[in-house]
Amino acid sequence: MTTATYEARALGVHSGMPAMKAARLAPDAVLLPVSFELYRRHSRLFKDALRTISPHIQDIGIDEVYADITLLDGASHAIAQRLKAVVFEATGLTCSVGIAPNKLLAKLSSDMQKPDGITVLDMADLPSRIWPLPARRINGIGPKAAARLESLGISTIGELAARDKVWLMEQFGRSHGSWLHDAAHGRDERPVLTHSEPVSMSRETTFERNLHSVRDRTELGGIFTRLCEQLAADLRRKGYAGRTIGIKLRFDDFRTVTRDLTLHEVVADATAIRQAAGLCLKRVDLRRALRLIGVRVSALERAGAPVSAQAQQSALDFD
DNA sequence: TCTGGGGTCCTAGGACCC
DNA sequence: TCTGGGGTCCTAGGACCC
């Protein structure tokens, strides 16, 4: 399942669930085909619409943004209503808006009144409205961290906030522990970034049936080459080239391995990617059947960057 | 009952350099 | 005669997000 309506969610269906399990939970549900083309179009429409009100927008995904509305006129609630109105006008879709002093709390707020909700929050609301929530609701605390916290007797954000920062740093490491403490106290200084450069691009596919490197050699080779071609097309379309080529394999036992190789020069064409990826593949024990392969390019550079921008090389060494 | 695809960031060890 | 203290880059894996 890619997603589910709120009616289906009430029956326990959620994204990532196998179709047969969803069918058992919601036997009367209507299964619709996915159309990422359609979603991308609406994504563009809703982001463009938002920009007419607040140009300072950070793209998070296909259906999510942060907006810095510090300098906008009007009360928070009225701004939220305007944002929702332009989105509905452009797409016919409802959305939920959270307004808070920082991104961490805004994200938390936006989840509090779904669907079609508005939540306005300030620091004073922390003890009454945030602290009772499960720690897992913090963006960045996933299943593993939540389980770890649970084993330490911490279920809610409030219980996390009550713990000593130094103790958290001992349990979770300096950086993560300190972040957990700050997050539980609603502290977050990250700015709203309106532009970011991609770090990597990849293509991967899960097979209809598991494939074996020897028995299904031809089929596997064809899929591998096609992924490289698609990746090369993505790079070309977006205007990037990369120096590190990597592969990802998932075996029939769900174990995942990656291998990568950094080249001397950036590449963007399918042949070069395929060749480097082939070298990576040779470094993996392929006795088990595969369920997924993927190809990735990282260490990206803008392709066709102006040559004049290249610095003059010189060396200086102290005597 | 098997578990998608496309990303980001972090950690940690080893190679290598000054 | 194995001995310091920084630093960067490369590689592999893992947590997490939409």
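Order of the sequence lines fixes the chain letters, A, B, ..., with proteins taken first and strands second; residue numbering starts at 1 for each chain. We use all heavy atoms of the structure for the numbers below, so side chains are in, but hydrogens, waters and symmetry mates are not. Since we're looking at a predicted model, the values are computed, not measured.
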Rounded to whole Å, how long is the line connecting atom [atom1] of [X] with atom [atom2] of [N]?
{"X": "Asp234(A)", "N": "dG6(B)", "atom1": "CG", "atom2": "P", "value": "8 Å"}
{"X": "Asp63(A)", "N": "dC18(C)", "atom1": "CG", "atom2": "C1'", "value": "7 Å"}
{"X": "Tyr39(A)", "N": "dG5(B)", "atom1": "OH", "atom2": "P", "value": "15 Å"}
{"X": "Glu64(A)", "N": "dG7(B)", "atom1": "CD", "atom2": "P", "value": "17 Å"}
{"X": "Leu292(A)", "N": "dT3(B)", "atom1": "CG", "atom2": "C1'", "value": "12 Å"}
{"X": "Asn210(A)", "N": "dC2(B)", "atom1": "CG", "atom2": "P", "value": "12 Å"}
{"X": "Leu281(A)", "N": "dT11(C)", "atom1": "CG", "atom2": "P", "value": "16 Å"}
{"X": "Asn139(A)", "N": "dC16(C)", "atom1": "CG", "atom2": "C1'", "value": "9 Å"}

Heavy atoms from other residues, nucleotides or ligands near CZ of Arg236(A) exceed 12 (cutoff 6.0 Å)
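No, CZ of Arg236(A) has 12 or fewer neighbouring heavy atoms, counting only those of other groups under 6.0 Å.
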
- Item | Gln171(A), CD atom: more than 12 neighbouring heavy atoms under 6.0 Å |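 For Gln171(A), atom CD is crowded (more than 12 foreign heavy atoms under 6.0 Å).
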
### Task
Could you check whether the rings of His185(A) and His181(A) sit parallel, tilted or perpendicular, using 30° and 60° as the cut-offs?
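Rings of His185(A) and His181(A): tilted, as their planes differ by 30° to 60°.
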
What's [X] touching, base or sugar-phosphate or nothing? Going by heavy atoms closer than 4.0 Å.
{"X": "Arg296(A)", "answer": "nothing"}
{"X": "Ile138(A)", "answer": "sugar-phosphate"}
{"X": "Arg148(A)", "answer": "nothing"}

Please give me the minimum heavy-atom distance between [X] and [Y], naming the atom from each residue.
{"X": "Ser54(A)", "Y": "Leu72(A)", "answer": "CB-CD2, 4.2 Å"}
{"X": "Ile118(A)", "Y": "His77(A)", "answer": "CG2-CD2, 3.6 Å"}
{"X": "Pro198(A)", "Y": "Tyr240(A)", "answer": "CD-OH, 3.2 Å"}
{"X": "Val192(A)", "Y": "Tyr66(A)", "answer": "CG1-O, 3.9 Å"}
{"X": "Gly186(A)", "Y": "Leu104(A)", "answer": "CA-CD2, 4.0 Å"}

Hey, is Phe254(A) stacking on dC2(B)? Ring centres under 5.5 Å, planes under 30°.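 So Phe254(A) does not count as stacking on the base.
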
Would one find a side-chain N or O of [X] under 4.0 angstrom from OP1 or OP2 of [N]?
{"X": "Ser15(A)", "N": "dG4(B)", "result": "no"}
{"X": "Ser200(A)", "N": "dT8(B)", "result": "yes"}
{"X": "Thr262(A)", "N": "dC9(C)", "result": "no"}
{"X": "Arg259(A)", "N": "dA12(C)", "result": "yes"}
{"X": "Ser202(A)", "N": "dG7(B)", "result": "yes"}
{"X": "Lys248(A)", "N": "dG4(B)", "result": "no"}
{"X": "Arg291(A)", "N": "dT3(B)", "result": "yes"}
{"X": "Arg255(A)", "N": "dG13(C)", "result": "no"}
{"X": "Thr258(A)", "N": "dG13(C)", "result": "yes"}
{"X": "Arg243(A)", "N": "dC9(C)", "result": "no"}

Of Asp252(A) and Lys238(A), whose nearest nucleotide on DNA chain B comes first from the 5' end?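 So the residue in question is Asp252(A).
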
Checklist entry - Given that Met201(A) and Lys21(A) both sit by DNA chain B, which one's nearest nucleotide is further toward the 5' end? => result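 Looking at DNA chain B, the more 5' nearest nucleotide goes with Lys21(A).
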
Pairs under 3.5 Å (Watson-Crick or G-U), crossing ones as [ ], inter-strand ones as |: DNA chain C comes out as ....||||||||||||||

Counting heavy atoms from C-beta on, name the nucleotide in [options] closest to the side chain of [X].
{"X": "Arg283(A)", "options": "dT11(C), dC17(C), dT8(B)", "result": "dT11(C)"}
{"X": "Lys107(A)", "options": "dT11(C), dT8(B), dC18(C)", "result": "dC18(C)"}
{"X": "Lys144(A)", "options": "dA12(C), dG6(B), dA15(C)", "result": "dA15(C)"}

Taking the same atom, P, in dT3(B) and in dC18(C), what whole-Å distance lies between them?
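Going atom to atom, P in each nucleotide, I get 23 Å.
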
request  = Report yes or no: is the cationic atom of Arg209(A) (NZ for Lys, CZ for Arg) closer than 6.0 Å to the six-membered ring centre of Phe207(A), at no more than 45° off its axis?
outcome  =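 That pair does not qualify as a cation-pi contact.
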
Before accepting this row, confirm whether a basic side-chain N of the pair Lys107(A)/Glu64(A) lies closer than 4.0 Å to the acidic partner's carboxylate O.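 Yes, charged N to carboxylate O under 4.0 Å.
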
Exercise for the section: Indicate yes or no for a side-chain donor-acceptor contact from Arg203(A) to the backbone of Val295(A) under 3.5 Å, with no hydrogens or angles considered. Expected result: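 Not a single qualifying donor-acceptor pair exists.
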
Report task. Taking the side chain as every heavy atom from C-beta outward, state whether Thr119(A) and Arg129(A) have any atom pair closer than 4.5 Å. Result ->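 Yes, their side chains come closer than 4.5 Å.
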
- [ ] Within residues 161-197 of chain A, find the residues that approach DNA chain B with a heavy atom at under 4.0 Å, and present them sorted by residue number.
- [x]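 Contacting residues: Ser175(A).
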
